[in-house]
There are 2 protein chains.
Amino acid sequence: MAHECKVETALDILVGKWKPVILFHIFQKETLRFGELHRLVPDITKKMLTTQLRELEYHDIINRKVYAQVPPKVEYSITEYGKSLTPLLESMHQWGVSHIEHLDEIYGEDQMENNK
Amino acid sequence: MAHECKVETALDILVGKWKPVILFHIFQKETLRFGELHRLVPDITKKMLTTQLRELEYHDIINRKVYAQVPPKVEYSITEYGKSLTPLLESMHQWGVSHIEHLDEIYGEDQMENNK
DNA sequence: CTGGATCCACTTTGATACTG
DNA sequence: CAGTATCAAAGTGGATCCAG
């Protein structure tokens with residue numbers, strides 16, 4: 001167990017139906033309340049939003065700050081450590097963009113519905 | 001629809017319970033037969049190995065070369081295009097490695113069973 | 001407002017046996 | 001050798017309702 005492939009370690013943290021979008025918004029806004037996030041990603045249910053956030057929090061990617069007040073207020077933000085993901089996410093995004101172009105070359109630009 | 005987040009595009013291709021390991025081996029060996037791969041990843045079933053390989057093939061990451069002979073012989077290899085994944089996989093691996101170290105700092109090195 | 005708790009549908013993976 | 005086919009098990013996400 002010296003230095004095998006740890007790609008999965010990174011994947012574990014990024015994978016989740018909504019994590020990329022969530023991270024996208026939190027990275028962009030620096031800090032967001034639960035409800036704000038929910039409005040930015042309307043299709044997600046509160047349950048999923050909660051669990052995905054908790055997982056990211058568990059991995060120390062985002063902070064969860066609870067204000068002791070009524071009504072409740074909870075703010076999510078990127079941790080310092082979480083920022084170390086920036087170059088990786090950027091790389092993945094870039095590769096994704098070029099991959100879409102590659103698909104054009106292969107299958108032609110006709111059937112672009114594939115990229116929902 | 002100019003240039004939203006395409007992180008998911010990359011994830012779609014890399015995600016799969018066995019894809020990272022499979023890619024790891026194919027990248028390393030350049031070309032592998034079905035049975036060889038299976039021996040390198042013993043826990044996977046033939047069914048899963050087949051489907052994961054087909055998905056990678058569909059995305060033009062690997063080649064599938066069938067030799068018309070008996071008994072059958074099929075070789076898998078990285079496509080030229082697939083090689084464009086190298087830096088990304090390397091980045092993910094690196095981040096994964098450092099993340100494991102980060103976990104040590106946070107939770108201590110005691111409960112390392114978490115990294116199965 | 002920010003969740004937690006349940007229940008259910010759908011998807012993914014696995015076990016096993018069979019085939020050209 | 002390199003798969004397919006079939007069925008069962010497990011995992012995941014969604015709908016809905018409840019709560020501090």
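Below, each value reflects all heavy atoms present in this structure, side chains not excepted, and no hydrogens, waters or symmetry copies. These numbers come from a predicted model, not from an experiment. Letters A, B, ... mirror the listed sequences (proteins, then strands); counts begin at 1.
Taking the nucleotide of DNA chain D with the nearest heavy atom to each of B/Arg39 and A/Gly16, the more 5' of the two is matched to B/Arg39.
Regarding B/Asp43, its CG atom lies at a distance of 14 Å from the C1' atom of C/dA15, rounded to whole Å. A/Arg54 has its CZ atom 9 Å from the C1' atom of C/dT2, to the nearest Å. Between the CG atom of A/Leu32 and the P atom of C/dT2 there is a distance of 11 Å, rounded to whole Å. A/Leu37 has its CG atom 10 Å from the P atom of C/dG3, to the nearest Å. Here the P atom of nucleotide C/dT2 and the NZ atom of A/Lys65 are 15 Å apart, to the nearest Å. In this entry the distance linking CG of B/Leu49 with C1' of C/dG14 reads 14 Å, nearest Å. When the P atom of C/dC1 is taken as reference, atom NE2 of A/His38 falls 12 Å away, rounded to whole Å. At whole-Å resolution of the value, CE in B/Met48 and C1' in C/dT11 are 12 Å apart.
B/Leu32 and B/Met48 end up in the same hydrophobic cluster when Ile, Leu, Val, Met, Phe, Trp and Tyr side chains are linked at under 4.5 Å.
Closest to the A/Val74 side chain, of the nucleotides C/dG3, D/dA15, D/dA2, is C/dG3. Side-chain atoms of A/Pro72 lie closest to C/dC1 of the nucleotides D/dA2, C/dG14, C/dC1. Of all nucleotides listed (C/dG4, C/dA15, D/dA15), C/dG4 comes nearest to the side chain of A/Thr50.
One finds no salt bridge joining B/Arg39 and B/Glu36 here, because no Lys/Arg side-chain nitrogen approaches an Asp/Glu carboxylate oxygen to under 4.0 Å. Salt bridge status for B/Lys19 with B/Glu55: present, with a side-chain N to carboxylate O gap under 4.0 Å.
The base of C/dG14 lies close enough to the side chain of B/Lys47 for a donor and an acceptor atom to sit less than 3.5 Å apart. For B/Lys46 against D/dG3, a side-chain N or O and a base N or O form a donor-acceptor pair under 3.5 Å.
Residues B/Leu89 and A/Val7 come closest through the heavy atom pair O-CG2, 3.6 Å.
Listed pair A/Arg64 / C/dG3 meets the phosphate criterion, a side-chain N or O lying under 4.0 Å from OP1 or OP2. Between B/Trp18 and C/dT12, a side-chain N or O to OP1/OP2 separation shorter than 4.0 Å is absent. Dashed line: the shortest gap from a side-chain N or O of A/Arg33 to OP1 or OP2 of C/dT2 is under 4.0 Å.
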Take A/His59 and A/Tyr81, measure what ring-ring contact (aromatic ring centres under 6.0 Å, His included) needs, and give me the verdict at the end. CA-CA 10 Å; A/His59 290 296; A/Tyr81 176 67; 9.9 Å; no
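Residue contacts for B/Tyr67: at a heavy-atom cut-off of 4.0 Å it reaches no nucleic acid atom on any strand shown.
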